[in-house]
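The chains referred to below are lettered A, B, ... by the order of the sequence lines, with proteins before strands, and numbering in each begins at 1. In what follows, every heavy atom counts, from backbone to side chain, and hydrogens, waters and symmetry copies are set aside.
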There are 2 protein chains.
Amino acid sequence: MSSPGNGRRRRTRVTLRQVAEEVGTSQSTASRALAGHGYVAEDLKARVLEAAARLGYVPDISARTLKGQASGLIGLLVSDLRNQFYAQLAAGVEQTVAAAGHQVVLVDDHGESEHAARAARAFLAMRADGVLLAPTGREATELLVEHGTPVVEVDRRSGARSCDAVTIDSEAGARAAVEHLLQLGHRRIAVVVDETMWDTGKNRLKGYRAAHREAGVPLSRRLVLNLGLRPDDPQRDVAAFLDANPDVTAVFAANNVMAEAVWQEFKRRGAEVPGRYSMVSFDDLTWMRVVEPGLTAVRQPVYEMGSRAAELLLERIAGGTERTATRTLDPTLVLRGSTARP
Amino acid sequence: MSSPGNGRRRRTRVTLRQVAEEVGTSQSTASRALAGHGYVAEDLKARVLEAAARLGYVPDISARTLKGQASGLIGLLVSDLRNQFYAQLAAGVEQTVAAAGHQVVLVDDHGESEHAARAARAFLAMRADGVLLAPTGREATELLVEHGTPVVEVDRRSGARSCDAVTIDSEAGARAAVEHLLQLGHRRIAVVVDETMWDTGKNRLKGYRAAHREAGVPLSRRLVLNLGLRPDDPQRDVAAFLDANPDVTAVFAANNVMAEAVWQEFKRRGAEVPGRYSMVSFDDLTWMRVVEPGLTAVRQPVYEMGSRAAELLLERIAGGTERTATRTLDPTLVLRGSTARP
DNA sequence: TCCGCATATGGCATCGTTCCCATGTGAGAA
DNA sequence: TTCTCACATGGGAACGATGCCATATGCGGA
């Protein structure tokens, strides 16, 4: 590999100037040789490249960025990396961003918008070329947009002023799920949500209601279990709810966290699925197709959402499209064994 | 928030010089005021801070880094973000790194060491303060160490020259799992692995063998199903293996991917667990405690491994410890319903 | 012969911060 | 009075890469 015999840590990094001196030319010429544009004689260029490789030259992004070039960094802000949903999203983003030769700076705001704002400031400070946000407030988006950083919102929309967005049609997904239950003959369908402050939760509830209205089935406030943000022990709350509403025959869980709580509670009380309860989850994770019976679920193209958002952001950075674009992806209802007639 | 009425994109970012001019002082003084060290009169300092906030000043990390300061970036290289194992790891790392005021640059090498080497070069180029690697070859580690970047290897060790590492005791975990099966009376225990080139796979196989030796149960090559890296369709291979070895009564899956393949194949052929087969997984994911029966599994403290590795790296960056440290975390065997006497 | 142009190379200012150093003040000590 | 020292401020040189501009040469066409 690189220069032998140079003990452990190199004291200072190899700079372009050193490479230039090695071949007896100027920084300018060496720069052109490495960059591959501008006039450089073929043989000189080869010698510069060889020297750069031999000395282990690595260009300094800070200097390049300072001079006004792109930093090559894309910020990505998610709410909870431990949740498979966001992990998939991040994977999709990383894949696309890396393929374009950029790097992802990942921040997890744990659902706190204050933390998100801090992250936005950090993205600004590092001169990120663009940022992808699963927003938890409009502050971060606004800060970035105002400073001229391209932003694409993913999954959720902050309602902040114009920026691109890639989301999944929550309302349609929820409607399909609940329609399915209604068609099977269920009339008292519970819905379990943890947040209704962002458009994901709001729209899933909206879809739930729309399906009822369309089917002419009356809605009841009682059947909406709203646990609020980051509930301590959702399973306990679900248990209490089921005890209080013994007439419920089906449950629609608005996201994977809720689905797990509901499923575990069914298991704990030995309630048969789909015998006693039918169940549908919004979001389709590994475990839902592995359990017996499999969970009927609204599958979201999460990985794809990540990569589409990244593509959109890269286009925006390249300065392509002018007016802001919103892309909505369609979820699909995957039928498995957890749903049947009541 | 910041200055009102300034249309959309600010054309240029606010620099320290502009803040200084705003309060009628010099860059030097403004810098000291913001940095909070060196002599600055109290009232002047307050005015600088106020002006910085009012103008929406965000320091430029590139310039700071170029001047020789830390970049605040920590590189993290994982093999497959879609795998919950690495997502948990990344979450643990992010949490700890963010708490220390740094940012994580995340790269997924998809198990390709060539990709890993490219990532290492990128980390070098952006002057990452330190790097965490789940190595897929020694090249990346060596490149970074040689350039003087602190490196901590996580989960796997590359065997490259001295750098810190945080791993989980694969051999002990595997031994515990297989001992459990042996104690239940199993004598023909299959082991399913996909890689034996890194120490994780190697050591799990070692633990499997050690347990047999200790129990005085003869080993058979036939019972080792080695699928090799990234098998096309592991479930099919497992099926073929089970057909060819009908005397097997228990299966030890060496990681979560193998466990899923084995589990799905059991389900497909309607083989009762633990009636026909007992099963243990190395790595304990959500679905394993949700399925019926629950999977007996070797639980790895993955999130903790991530945060411990990050802590170690931060210490190393701070220049604390001198000699390299290796930390090994202990896995625990979680008994559930998938294991019983043959 | 002279101009224009493609080719080739080097000098140097620039990006925004940091920090060393020079400069300056006033108070208290010698 | 003069020296010292703590306090306070500004000038300006780095850091490393980039790219504009000046310079130089040789060749073909007018």
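Residue A/H37 has a polar side-chain atom (N or O) positioned under 4.0 Å from OP1 or OP2 of D/dG19. Within the 4.0 Å cut-off from OP1 or OP2 of C/dT7, at least one side-chain nitrogen or oxygen of A/Y39 is found. In terms of phosphate contacts, A/S26 brings no side-chain nitrogen or oxygen within less than 4.0 Å of OP1 or OP2 of C/dG11. Between A/R17 and D/dG16 there is no side-chain polar atom (N or O) within less than 4.0 angstrom of OP1 or OP2. One finds a side-chain N or O of A/T25 lying less than 4.0 angstrom from the OP1 or OP2 phosphate oxygen of C/dG10.
Residue contacts shown for B/Q69 are limited to sugar-phosphate atoms, with no base heavy atom under 4.0 Å away. Here A/I61 lies out of heavy-atom contact (under 4.0 Å) with every strand. Base contact: A/S28 has a heavy atom under 4.0 Å from a base atom.
With respect to the salt-bridge test (charged N to carboxylate O, under 4.0 angstrom), the residues B/R54 and B/E22 qualify.
Judged by atom type and distance alone, B/K67 does not reach the base of C/dT17 through any side-chain donor-acceptor pair under 3.5 Å. A donor-acceptor contact under 3.5 Å is formed by the side chain of B/R32 with the base of D/dG10.
Across all non-hydrogen atoms, the minimal contact from A/A128 to A/S71 is CA-OG, 3.7 Å. Considering all non-hydrogen atoms of both residues, A/L81 and A/D108 come closest at N-OD2, 2.9 Å.
When rounded to the nearest whole Å, the span between CD of A/Q27 and P of D/dA17 equals 8 Å. Residue A/L44 contributes atom CG, which lies 19 Å from atom P of D/dA24 at whole-angstrom precision. Spacing between atom CZ of A/R13 and atom P of D/dA14 amounts to 20 Å, rounded to whole angstrom units. For B/D60 and D/dG16, the CG to C1' distance is 14 Å, given to the nearest whole Å. Whole-Å rounding puts the B/L66 CG to C/dT18 C1' distance at 11 Å. Rounding to whole angstrom units, CG of residue A/D43 and C1' of C/dA8 are separated by 11 Å. Look at CD on B/Q18: it is 8 Å from P on C/dG16, rounded to the nearest Å. Rounding to whole angstrom units, CZ of residue B/R64 and C1' of D/dA14 are separated by 17 Å.
Across the interface with DNA chain D, nearest-nucleotide mapping of B/G38 and B/A63 shows B/G38 to be the residue nearer the 5′ end. Across the interface with DNA chain D, nearest-nucleotide mapping of B/A30 and A/A35 shows B/A30 to be the residue nearer the 5′ end.
In this structure, a donor-acceptor pair under 3.5 Å is present between the side chains of A/T29 and A/R32.
Using modelled atom types, no side-chain atom of A/R157 and backbone atom of A/W198 make a donor-acceptor pair closer than 3.5 Å.
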